[in-house]
Amino acid sequence: MARVRAIDPATLPKHFDAPAAEARWDAAWEESGIYRWDAARPRDETFVVDTPPPTVSGELHVGHVFSYTHTDVVVRFQRMRGKNIFYPLGWDDNGVPTERRVQNLFHVRCNPALPRDPELSLEPATAKLRKKPPRVISRPDFIDLCERVTQEDEKAFLELWRRVGLSVDWTTEYATIDARCRQLSQLSFRDLFEKGHVYQSDAPFMWDVDFQMAVAQAEVEDREMPGAYHDLEFAVEGADRGFVISTTRPELLPACVGVTAHPEDTRYRDLFGKRAITPLFRVPVPIFPSEKADPEKGTGILMVCTFGDQTDVEWWREEELALRQLVGRNGRLVPVNFGDAGFESADPEAANRYYGELAGLFVSKARRRIVELLADAEGSATGSGPPLQGEPRAIEHAVRFYEKGESPLEFLPTRQWFVRLLDKKDQLLAKGSEIAWHPHHMEHRFRDWTENLGLDWCISRQRYFGVPIPVWYPLDDAGEPDYDRALVAPAERLPVDPMTDVPEGYREDQRGLPGGFAGEPDIFDTWFTSSLTPQIGSGWLLDTDRHGRLFPGDVRPQSHEIIRTWAFYTIAKALLHEDSVPWHNVLISGWILDPDRKKMSKSIGNVVTPTHLLEQYTADAVRYWSASARLGVDTAFDDKVFKIGKRLVTKLFNASKFVLSQSAEVGPVSREVDRAFVAELSERVARATADLERYEFGKALQETESFFWTRFTDTTIELLKGRARDESDPEGAASAVAALRLGLSVLLRLFAPVLPYITEEVWNWAYAEETGTPSVHAAAWPGDADFAGIEAPEDAGSLDVAIECWRAVMKAKADGEVGMGRVIERVEIAGNAATLTRLAPGLPDVVAAVRCRAHELVEDAALEDGVFAARNPVFAPKEG
RNA sequence: AGGCACGUAGCUCAGUGGCUAGAGCGCCGCCUUGACACGGCGGAGGUCGGCGGUUCAAUCCCGCCCGUGCCUACCA
């Protein structure tokens, strides 16, 4: 037998002081460095997490806490299993939101062509300053400001994560705009360039007229918008018939370059090969057949414009149609002159008169104006009435938008950089299926997206805050860039800003001059950098040894709406760079829905701030709520669950206080009931462990929690309480105390991934000293070692039988409307013969626990196995 | 329009081809006991979305339908 130190409950506070514990343990963990990755240990002992760098936008969200906690639970489990954890965290500060905040806060605009101003020192703009035009600054200076602004938000996020108890290795903190990430991002481009995976294209592409930048397919969303069909009558050259097309975009009429209908469509078959004459502008355009025209839609015949949509682009390309680009980069119609080359018209004077009414207008305004013109104009093709026939018919239809934009996307020809992906769909799909998706059905999202991909990845953005594309172009004698001879910065010079740095073999004074060079002004799509998070963690080309030990990673946690961006691009990058998967598992967290089952989001205004929750319910309780969910399942925000979590923490505190204050010798777990308890516990550990290995932390928590409430507190504890303090039975007492202490130790460790604070607190009351392991989070995950040397029970159900008996007597007390602590003078305990026999080992414990002075066992064959009835109880008078 | 998921007690959710379908919260009743009233004991409450099929047996498997959410497509 061994004497253990019992705590004196009087030295403990009556209630668990969670905020104090959170502050204390957070500091202790950071100081002890238990969450640090050990670079010396081999890959197979390492567990690598590719964490999402949260967008630093000043907004904290319970959804963040929810999904990041999922990862942390998995990580803490793996750490306790002995894994060397690589768990970095960065901040995604790239992108449009930060850019806008900087522009507003400092009242500045960026001009990438400007050199850095070493004297620049800006403070947030005063109201007075805002009345003046914004100050124009260089890109490096602009990036500095962005970093300054995001630092505040990063601090807020950091404090939140620390309080939530994320066991991140904070020495790995990074920002996607920092020099190292810029370097890796540009290295990635260089590698893709050398391998021939990137190209430039001057073709029409999706363009947001507000942000004035190109947009990739992944950033496009459809929105249902009101629109209207306008029936326009076209004439046919050399024929006495016309035809009517229905269009929702009449303002593109002057950009009409062709007309098409289905080849089988008998209504229009006679027109193929002829030329149509557009109304108002009198432009002759070819009429050609196309399988892509749907006879059911509109009138079955339609105009092809440069450019109304993606299909227009395809027709334009296939039929080699003219280019009449009318929508400018800013969304206004550009001035053109009919009669000039490319703008043929049968009546240029009239065409220019009409177009003069439209030039300079926004698309939406131009649409309203041209409808008026079409309605008022004389002379339809058939000579009767205006070209616009009837009233426009209102419809709802899907319109493409940039996900952050406010105006519909336009197609316009601009020069952009692309990563070639369309020819690699099979390889991408193969990599996708090498990865284990949790839940598995989320792989469908990836497959759907990949199979339906219609465009290569446009990676250039006409913005300022981001990673510059590390490329220069030589200028010819006329000062025009030679895009085919792009000068990509050499690896050893990265990161560079081509707008302020100078390519090899040139001098700064040659910038922009004939025979000189020009820097690429564009930056990368923010996903171009975010898709490198595994490589940012590992160091990749900057530290190949480290990379070898951290890549591919083990898990990538993320949410499902960015499967088509973050997951997809990361898989693509790993494929293109190293023909590898980036990680072996993807964990997809669901969304947080508000109680009305709407997605919580800033724009709806139904967001609950996490700080408030942490203060109200404690970090452990908030984590409990998070960990209760299953991966991939959307979870309703429900404050009941926080309360349950808080109750669990309280109960753990109280139960621990009781168990650890039992002053007794501990000895072998020798008594039957105690051994049965250990057997049940051991089985529960095996189940929880298996669940966690499958990332089913919610199930594991449920297993642990139900054991705690139904098998530990108020059952086993109540049952063993008497014997634990029975001085007349030292061996029995030692066995009881040992069983309870072991039970608590195991339960603390099972709960530790979810409830890091309360478990650490209790661990340090006794177990830290006993085991020599100062933190529960560094302790070994419970398993066979904990149960070694404890003999299996004779009857695995002996604890259960004892508890059922105890419960029957408690029911008698409830039925008798006396308190659970009331002494019973005598009672009959009824059960069938077999059950009474099985009760024997636990009977003394039951009798003591229910405070029964005398009892009589009554055999009742009518009772089922394992069922007891407490009959004819005689309660002692209430004690004064 | 196609795909994926979901539909179980008032609420939030488990669950399994087979005993009488579970938990917590909420509700009702009782009880201040020696770790805990931030507690304990007990109780009521369900045609497992609907219809059909496979099976000795279906909440579970299959089909259809209804409803909800998301993803993808549609954009003349």
Side-chain angles (χ1 to χ4, degrees), chain A residues 9 12 14-16 222-225 227 229-230 245-249 252 259-261 292-294 297-305 308-312 315 395-400 408 439-449 451-454 560-561 563-564 590-591 593 595 597-599 625 628-630 632-641 643-644 646-662 698-699 702-703 705-706 709-710 713-714 717-718 721-722 725 807 809-823 851 864 878-879:
Chain A
L12 296 174
K14 184 149 172 60
H15 301 301
F16 176 48
D222 286 357
R223 296 184 198 160
E224 280 297 319
M225 301 288 288
Y229 273 125
H230 303 78
I245 65 152
S246 282
T247 179
T248 57
R249 299 207 59 184
L252 290 181
V259 165
T260 188
K292 288 178 211 157
D294 180 357
K297 242 178 190 174
T299 55
I301 190 163
L302 67 134
M303 61 175 185
V304 178
C305 306
D309 60 24
Q310 180 64 36
T311 328
D312 279 348
W315 277 317
I395 53 159
E396 282 281 320
H397 64 154
V399 180
R400 284 185 152 181
H440 183 254
H441 68 255
M442 287 297 176
E443 191 188 343
H444 282 283
R445 302 271 180 103
F446 175 78
R447 297 197 73 85
D448 279 0
W449 176 256
E451 283 165 3
N452 288 319
L453 199 66
H560 47 74
E561 84 274 19
I563 288 175
R564 71 176 186 175
W591 278 339
L593 308 175
R597 306 212 67 86
K598 288 197 194 76
K599 187 197 172 189
W625 164 74
S628 300
R630 270 188 306 162
V633 176
D634 293 346
T635 300
F637 182 84
D638 183 357
D639 59 355
K640 282 185 313 205
V641 184
K643 288 183 186 153
I644 299 165
K646 200 170 177 186
R647 204 169 72 101
L648 172 62
V649 170
T650 303
K651 193 71 172 176
L652 256 174
F653 178 82
N654 286 318
S656 302
K657 201 158 67 172
F658 170 75
V659 169
L660 296 177
S661 63
Q662 297 307 299
K699 223 168 157 186
Q702 212 180 356
E703 292 282 353
E705 195 189 1
S706 74
W709 285 106
T710 67
T713 63
D714 301 318
I717 286 183
E718 288 301 322
K721 194 183 264 185
R725 289 193 283 228
R807 212 184 281 286
V809 181
M810 285 304 177
K811 179 165 161 48
K813 289 188 179 181
D815 291 344
E817 300 193 350
V818 301
M820 296 300 123
R822 185 74 72 89
V823 171
R851 297 202 210 177
E864 288 173 36
K878 199 168 164 180
E879 289 166 38

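Every heavy atom of this structure was used, including side-chain atoms; hydrogens, water molecules and symmetry mates were not. Source: prediction; values computed, not measured. Just so it is clear: chains get the letters A, B, ... in the order the sequence lines come, proteins before strands, and each one is counted from 1.
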When rounded to whole Å, the CD to P distance for the pair A:Gln702 and B:U12 reads 16 Å

Provide, to the nearest angstrom, the distance between the NE2 atom belonging to A:His560 and the C1' atom belonging to B:C6.
12 Å

Length of the NZ-C1' vector between A:Lys640 and B:G26, whole Å:
7 Å

Using a heavy-atom cut-off of under 4.0 Å over every strand shown, decide if A:Glu864 touches base, sugar-phosphate, or nothing.
base

With B for base contact, S for sugar-phosphate-only contact and - for none (protein heavy atoms under 4.0 Å), nucleotides 34-42 of chain B reads BBBSBSSBS

With rounding to whole Å, what would you report as the distance between B:A9 and B:C25 at their C1' atoms?
12 Å

Between B:A5 atom P and A:Ile563 atom CD1, what is the distance in whole Å?
13 Å

Roughly how many Å is it from CD in A:Glu561 to C1' in B:C70, rounded to a whole number?
10 Å

Do A:Thr650 and A:Arg647 make a side-chain contact, defined as non-hydrogen atoms from C-beta onward lying under 4.5 Å apart?
no

Rounded to whole angstrom, note down the C1' distance from B:C74 over to B:U59.
38 Å

Between B:G50 and B:G10, how many Å separate the two P atoms, rounded to a whole number?
14 Å

Between B:U54 and B:A44, how far is it from one P atom to the other, in whole Å?
38 Å

With the side chain counted from C-beta on, respond yes when A:Arg851 and A:Arg822 share a heavy-atom pair under 4.5 Å apart, and no when they do not.
no

Starting from P on B:U68, measure out to CH2 on A:Trp591 and report it in whole angstrom.
17 Å

Going by side-chain hydrogen bond (donor to acceptor under 3.5 Å, both in side chains), name the residues that satisfy it together with A:Lys297, two or more places apart in sequence or in a different chain.
none

Atom P, compared across B:C41 and B:U33: separation rounded to whole Å:
16 Å

Who pairs with A:Arg564 by side-chain hydrogen bond (donor to acceptor under 3.5 Å, both in side chains), at least two apart in sequence or on another chain?
none

C1'-based separation of B:C11 from B:G26 [nearest Å]
7 Å

When the P atoms of B:G49 and B:A21 are compared, how many Å lie between them, rounded to an integer?
15 Å

In whole Å, what is the span from the NZ atom of A:Lys699 to the C1' atom of B:A23?
15 Å

Tell me, do A:Trp315 and A:Asp312 make a side-chain contact under 4.5 Å, heavy atoms counted?
yes

Run A:Asp222 and A:Arg400 through side chain to side chain contact (heavy atoms under 4.5 Å, CB included) and show every step you take.
CA-CA 5 Å; A:Asp222 286 357; A:Arg400 284 185 152 181; 3.6 Å; yes

Would you check, one step at a time, whether the test side chain to side chain contact (heavy atoms under 4.5 Å, CB included) holds for A:Lys811 with A:Arg807?
CA-CA 6 Å; A:Lys811 179 165 161 48; A:Arg807 212 184 281 286; over 6 Å; no

Any chance you could lay out the side chain to side chain contact (heavy atoms under 4.5 Å, CB included) test for A:Trp709 and A:Leu648, step after step, and finish with the verdict?
CA-CA 9 Å; A:Trp709 285 106; A:Leu648 172 62; 3.7 Å; yes

Please measure how far the P atom in B:A37 lies from the corresponding atom in B:C61, and state the result in whole Å.
46 Å

Within the 4.5 Å heavy-atom criterion, are A:Leu652 and A:Phe16 side-chain neighbours or not?
no

Specify the closest pair of heavy atoms between A:Ser246 and A:Tyr229, including all atoms of both residues, with the distance to one decimal.
CB-CD2, 3.6 Å

Represent RNA chain B in dot-bracket notation, 5' to 3'. Only Watson-Crick or G-U wobble pairs with both distances under 3.5 Å count; pseudoknot-style crossings use [ ] and interstrand partners use |.
(((((((..((((....[...)))).(((((.......))))).....(((((..]....))))))))))))....

Going by side-chain hydrogen bond (donor to acceptor under 3.5 Å, both in side chains), name the residues that satisfy it together with A:Lys651, two or more places apart in sequence or in a different chain.
A:Asp714

Could you run down the sub-3.5 Å N/O contacts of the protein with nucleotides 73-76 of chain B?
unit_1 : atom_1 : unit_2   : atom_2 : d
B:C74  : O3'    : A:Lys297 : NZ     : 3.4
B:C74  : N4     : A:Asp222 : OD2    : 2.5
B:C75  : N1     : A:Ala398 : O      : 3.4
B:C75  : O2     : A:Ala398 : O      : 2.6
B:C75  : N4     : A:Arg400 : NE     : 2.2
B:A76  : OP1    : A:Thr248 : OG1    : 2.5
B:A76  : OP1    : A:His397 : ND1    : 3.1
B:A76  : O3'    : A:Ser246 : O      : 2.3
B:A76  : O3'    : A:Thr247 : N      : 3.2
B:A76  : O3'    : A:Thr248 : N      : 3.1
B:A76  : O2'    : A:Ser246 : O      : 2.4
B:A76  : N6     : A:Asp294 : N      : 3.1
B:A76  : N1     : A:Asp294 : N      : 2.8

To the nearest angstrom, how far is A:His444 atom NE2 from B:G2 atom P?
17 Å

Is there a side-chain contact between A:Leu302 and A:Lys292 in this structure, where contact means two heavy atoms from C-beta onward sitting under 4.5 Å apart?
no

